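Below: one structure, written as structure tokens.
Nothing here was measured: the structure is a model prediction, and the numbers come from that model. Order of listing sets the numbers, starting from 1, for every ligand and every atom in it.
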Amino acid sequence: MAKNHERIHIDEKNLCSLCVTELESIYEELELTEAELDILSVPRQVFTVHFPVRLSSGTTKMFVGHRVQFNDSRGPSKGGIRFHPNLKVDHVSDLAFLMALKCAVINIPFGGAKGGVVVNPKELTRGELELVTRAYVRAIADFIGPFKDIPAPDVYTDEKVMVWILDEYEQLKGEHVPAMVTGKPVELGGIKARKYSTSLGGVFILESAMGKMGMDKSRARVVVQGFGNVGENAARILHEMGYTVIAVSDSRGGIINGDGLNIHSVITHKRKKGGLEGFEGAERISNDDLLLLDCDVLIPAALSDQIDRNNANHIKAKIVLELANAPTTSEANNMLFDRSIMLIPDVLANAGGVAGSYFEWIQNLSNDYWEQDKVLDRLRKVMIKAFDDIYSLCEEEKCTMKKAAYKIGIKRLLMAEKLRGNI
Ligand code: NAD
């Protein structure tokens, strides 16, 4: 490691913990200087705002919102806005780092951001939630915009929330600015594929990985953890493509049928009953057991830290496709690698979502709306190019896909910093 840079003084509490853990394992191999490590370990801008909202009861409540812009050396910051009662700025910062890396990994010209409001949306009416969203936008309006920082949906926010964000911002600016937010309804400049681009992007990657491993999809048995936007769409697309999805789950547990589930019927059942329980022709299974099922492809599409040192040695899948963010700990990732299980990391596997957002942003800026085929073709090309780059590096260096993805993403981020004269 080069010693010619002074370590910049950074207060420990401002470091992004995920970056520190993840970068520790590769900074020597990448021969990063301490200055480069500092650039990658701390978010550029962290905004915390407090704002009052008058609830329907007539009382006024103060809310807290955050927005973290991790790195914008490659382009405007990009990242979701979530509503969650336990939202912590440190976690928002970790997620913003992952967004910066993800955009670099698939080589789209965005930096990384994340944000949200500390709120339990289930405790508010739709009208109150709209007031909270609009007040949050007013508080951060000067820091966001189509060439500064572009929000998108995330946990507990949807296209309706994106409309409130757009409308409030446009009222403040006095002009139409559709490219300031992605994940909008089609009628207001959104694109149809955005809702399932995360899952479809992951499926493109899975198909490439299966090809490399000589696996046949007509025989592949798939297990999906999480049946929300990402998990449900992934299960549906794979089912429609001829894969056998044997088990799926949500927060209340899973269902399994070794001969395969009819995912369309599962979706209809979930819409009617509000969950997976009671689906005919399947048995119940716990989320812990679901991860350990004998299958070819395991898709964690729910929460972080699902595969760890306690269960990694019992995973039987040949491929783990991380559609959730950080579902596998670093230690478990290495344990799976030692057992020749291919883990396709989140920064690649679920990057189809931000690729979809990128296409929406381009269309809004150019006012040129593409045919669906063009959107899907561009998505496939972006994802497969990223997979091929990462896979080649893995072959060359005999390393995990995660390490290869981090190396590629970090090199691109640092090149942008270098070109700007920051290194
Ligand atoms: P969502 O809220 O729509 O769905 C989450 C699903 O996980 C729900 O079905 C929920 O019941 C289930 N779940 C919760 N706890 C669970 C548990 N303990 N075991 C099994 N299932 C559980 O969220 P989403 O948009 O589908 O996102 C899922 C994951 O994908 C998150 O990690 C998110 O950060 C990541 N992700 C989403 C996108 C996107 O475009 N939506 C993009 C990139 C990454």
Exercise for review: Run through ligand 1 for me and note each protein residue having a heavy atom under 4.0 Å from it, chain first, then residue number.
Suggested key: R194, T198, Q225, G226, F227, G228, N229, V230, S249, D250, S251, N287, A301, A302, L303, L323, A324, N325, N350

Exercise for review: Tell me, with the steps shown, if L40 and L32 meet side-chain contact (heavy atoms from CB on, under 4.5 Å).
Suggested key: CA-CA 10 Å; L40 296 168; L32 299 182; 4.0 Å; yes

Review point. Going by the ring-ring contact (aromatic ring centres under 6.0 Å, His included) test, which pairs reach into residues 279-332, not counting sequence neighbours?
Key: H269-F279

Review point. Is a side-chain donor-acceptor pair under 3.5 Å present for K184 with N364?
Key: yes

Practice item. Would you confirm whether the ring centroid of Y358 sits within less than 6.0 angstrom of the ring centroid of F110? Key: yes

Point to revise | salt bridge (Lys or Arg N to Asp or Glu O under 4.0 Å) partners of residues 329-357, not counting sequence neighbours, each pair once | key: R309-E331

For a quick test of your reading: what N or O donor-acceptor pairs under 3.5 Å do the side chains of residues 298-306 make, sequence neighbours left out?
{"from": "S304", "atom 1": "OG", "to": "N325", "atom 2": "O", "distance (Å)": "3.2"}
{"from": "Q306", "atom 1": "OE1", "to": "Q225", "atom 2": "NE2", "distance (Å)": "2.9"}
{"from": "Q306", "atom 1": "NE2", "to": "S304", "atom 2": "O", "distance (Å)": "3.1"}

